[in-house]
Number of protein chains: 2
Amino acid sequence: MTDDPRSAGAPTLEDVARAAGVSRATVSRVVNGVRNVDPVIQEAVRRAVSVTGYTPNRAARSLVTRRADAIALVVSGAGVEPETARADSGTGASAQGEGEEHRDGGGTGDGAGTGTRSGGRAFGKDEDSGGGSGSFTAQVFADPFFGRVVTGVVDYLRPRGMHPVLMFAETSRAREEVVAYLRQGRADGALVVSTHAEDPLPGLIADAGLAAVLYARPARPVPVSYVDLAHQDGARLAAEHLLDRGCRRIATISGPLDVPAGHARLTGFQDTMARHGHPYVPVVEGRFTQESGERAMERLLAEHPDLDGVFAANDLMALGACHVLREHGRSIPGDVAVVGFDDSSAALACRPPLTTVRQPVEGMAAEMTRLLLDRLARPDGPVTSVIFEPELVVRGSA
Amino acid sequence: MTDDPRSAGAPTLEDVARAAGVSRATVSRVVNGVRNVDPVIQEAVRRAVSVTGYTPNRAARSLVTRRADAIALVVSGAGVEPETARADSGTGASAQGEGEEHRDGGGTGDGAGTGTRSGGRAFGKDEDSGGGSGSFTAQVFADPFFGRVVTGVVDYLRPRGMHPVLMFAETSRAREEVVAYLRQGRADGALVVSTHAEDPLPGLIADAGLAAVLYARPARPVPVSYVDLAHQDGARLAAEHLLDRGCRRIATISGPLDVPAGHARLTGFQDTMARHGHPYVPVVEGRFTQESGERAMERLLAEHPDLDGVFAANDLMALGACHVLREHGRSIPGDVAVVGFDDSSAALACRPPLTTVRQPVEGMAAEMTRLLLDRLARPDGPVTSVIFEPELVVRGSA
DNA sequence: CTGAAAGCGCTAACAG
DNA sequence: CTGTTAGCGCTTTCAG
């Protein structure tokens, strides 16, 4: 029984109630915009609220409403798996193993103080630094893709007064943490962006009966909504464009084949090429990074010096390919036409700007968010998924 | 009095206590790792916890501990200011007016839904789309800088079991929301990255007595810790390098002069040049975007066709400058040497790779996070700030 | 339309 | 070392 009115802490409902001369219940009603409150009292309460500088305590509210009014945005992927060694889930079938270094520098994180100097190094082999430590987080943000996802999610959430909690889940430990986080009720649901197929997270979440929506269809079916792109159609657009402009010796730099999008873009491309009389298309597997695109292009050029068209499964690799082509004296699109995929910022960072297949990432992310919020509002609504159609954006490179 | 043991909801302390045959307090102690608990009972409790599948309810815990164990990562900037019209806070002093367009595209943000397709357009003039809608969020992520900040923050937070809530505050409305969010106790403190001087957010947060640490020193002094880079020193390194390699007709593309970093990098550069006998350096103001770098370079080239060295205040602009130089037949670094700033991913995306001044963003962000956590642990500890030293990274462009 | 009262699940004194 | 007892601040029946 603290009979003392002015305590140290932040003002509570009680304080406002006292100031307005009403009960806590009434203040609560006004604050939550419940009807059935006399306009006069309503006004009095409002005044009391601003006088006291009251702000509702979220923990208390959540405790009773059982809602956090927050959602998690989690990037899930293979990444470094300390315990599982390397989860190199068979680098697909057809392609060549690339032998890309997957290991990274220290990572800024862990230990004691970061000291005062910068974090890790890694990435470039010869060049040492390079604007990104090797952590999973850094790898994720190295691709403009993720920034676009965040943009779409945030722009959808903000007008609704919500903000995403950013989480990463590349190890089984981290995945457990995500599940725990949700189970603790810190977030009402999760938006998960998987960078690899076979990602166990969607399954874990579904098993725990937690709400989630995925970006990209999960490898093994899970009763969870998702948004995805018609990757094959996108690859078809690229193939047709290259063919239409007269290219006849076309090659492709695929994405990692253990990533559904990588796989789909390749098969979509191959299928279309085959249908147009090109059953064999030279392909080198990349890792969706600029550097892997460069290496792949070097290789393609070495094995097929006469090629006149290249489809890279994303813009970053296309950008790398362009660099290599130019270094080898090939003009773009004169000698070799190049088509990318995504229409990310890399497309405009390239000279000439890339002709590319647009993936409306922001819109897809917004839709994903809408689906999650829908589901939170109607927990037993149907599990619906949305597939977006890509479109060709013609610029200078092809 | 729910005498019924097995209710529908998630298991609570009570359930675990019953299962283990002890009191709630004891379970709480075990769960929170408090010593003074008989090892035997401890084991029994642990077993009960896993049997029941217990997960502590965060809201309940936060309600009593008064800690959210969460922090906000907020990007604050000018952005589109519906209410305040344009906050063009005097374009600095020394420099030349330039008349560079400072306004941006519409901004998806505010209004109702984002629709289902991607966000706005904007940015490119001729090319329309381009991997980034015009929202503040999109603009933020268009620069690799922010992804690096997130990386540094997340990598520091993760080992400590914390995750950042992402917020943007480019309008006064959004700023109020950030303050409200903190006051509601949803986050214990904020990491704020201001993209403009005169940002009122730090002041608002300080006035509200909330914990925060800033990236970059605030324009008007605020009793809040911050991390920053010795921008002037960085610019000096760039100037000296250009001079050392024999350049004599050097120009610079500055950042926005109303951004402290932009201003400091310019004055640092000018001072060093002056000290070496070059009191007048051609300068064109850019906006830290690739496109503005291109435009600035076009102009510089038109006015000073004989220049042999360029310092761009960030890598994105340096990249744009390189494109333009090459288009004008200038070889890099043969005809013109180019030095960038930041050592972001754009530095390696450039051909030749950029010689640049490294800003250890990830490390700075980690330090910023450490400072915040420190302060949360010791609320009345001293307000300390850390200034990082940049270093020159020599690559191919100069 | 408003107030009284009962908790939500957890931690933290305070006894034992 | 363990159990009892108060609440943390809010929403929400349930009466009036």
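The analysis underlying the following values was restricted to heavy atoms, covering all of them including side chains, and did not include hydrogens, waters or symmetry mates. Remember, predicted model here, so these are calculated numbers, not experimental data. All chains are named by letter (A, B, ...) in the order of the sequence lines, taking the proteins before the strands, and each is independently numbered beginning at 1.
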Closest to the B:T65 side chain: D:dT2, D:dC10, C:dA12?
-> C:dA12
Terminal axes of the helix from C:dC1-D:dG16 to C:dG16-D:dC1 (5 end pairs apiece), angle rounded to 10 degrees, sit apart by 30°
Considering all heavy atoms of both residues, which atom of B:R186 and which atom of B:A68 are nearest to each other, and what is their separation?
-> O-CB, 3.4 Å
Identify which nucleotide among D:dT11, D:dC10, C:dG3 has an atom closest to any side-chain atom of A:T26, counting heavy atoms from C-beta outward.
-> C:dG3
Nucleotide nearest A:L13 (side chain, heavy atoms from C-beta), chosen from D:dC10, C:dG9, C:dT2 | D:dC10
Nearest heavy-atom approach of B:S135 to A:D155 is OG-OD2, 2.6 Å
Rounded to whole Å, CZ of A:R18 lies from C1' of C:dG3 at a distance of 16 Å
Can you check the B:E14 CD to C:dC8 P distance for me, whole Å?
-> 10 Å
Shortest non-hydrogen contact between B:V178 and B:A169, atoms and distance = CG2-CB, 4.0 Å
Side chain of A:V22: nearest nucleotide among C:dG3, C:dT2, D:dA6?
-> C:dG3
Of C:dT11, D:dT12, C:dC14, the nucleotide closest to the side chain of A:S28 is D:dT12
Check the distance between D:dC10's C1' and A:R58's CZ and give it to me in whole angstrom.
-> 11 Å
Hey, does the side chain of B:N36 come within less than 4.0 Å of D:dC1's phosphate (OP1/OP2), counting only N and O?
-> yes
Of all the nucleotides listed (C:dG9, C:dT2, D:dT2), which has the minimum atom distance to the side chain of B:D38?
-> D:dT2
Whole angstrom is fine here: how far is it from CG in B:L63 over to C1' in D:dT11?
-> 12 Å
Give the nucleotide from the list D:dT2, C:dT11, D:dC10 with an atom nearest to the side chain of A:Y54.
-> D:dC10
Measure the distance from CZ on A:R61 to C1' on C:dG9 and round it to the nearest whole Å.
-> 18 Å
Check the distance between C:dA5's P and A:R24's CZ and give it to me in whole angstrom.
-> 10 Å
Quiz item: A:R29 side-chain donor-acceptor pair to C:dG3 base, under 3.5 Å = yes
What are the two closest non-hydrogen atoms of A:D188 and A:A211, and how far apart are they?
-> O-CB, 3.8 Å
With sugar-phosphate meaning primed atoms plus P, OP1 and OP2, does A:R66 contact a base, only sugar-phosphate, or nothing at under 4.0 Å between heavy atoms?
-> sugar-phosphate
Any idea how A:F168 and A:F136 line up, ring-wise: parallel (<30°), tilted (30 to 60°), or perpendicular (>60°)?
-> perpendicular
Round to a whole Å and report the spacing from CD of B:Q42 to C1' of D:dC1.
-> 11 Å
Where the side chain of A:S23 is defined as all heavy atoms beyond and including C-beta, which of C:dA12, D:dC10, C:dG3 is the nearest nucleotide?
-> C:dG3
B:I41 CD1 to D:dG3 C1', straight-line distance once rounded to whole Å = 11 Å
What do the steps show when you test A:T52 against A:D15 for side-chain hydrogen bond (donor to acceptor under 3.5 Å, both in side chains), and what is the final call?
-> CA-CA 8 Å; A:T52 54; A:D15 299 323; over 6 Å; no
Please determine if A:E176 and A:R173 form a salt bridge, counting it only when a charged side-chain N lies under 4.0 Å from a carboxylate O.
-> no
For the side chain of B:N57, counting heavy atoms from C-beta on, which of C:dG7, D:dC14, C:dG9 is nearest?
-> C:dG9
Against the side chain of B:A25, the closest entry in D:dG9, D:dT11, D:dG3 is D:dG3
Considering non-hydrogen atoms only, spot the tightest contact between B:A212 and B:V192 and give its length.
-> CB-CG1, 4.4 Å
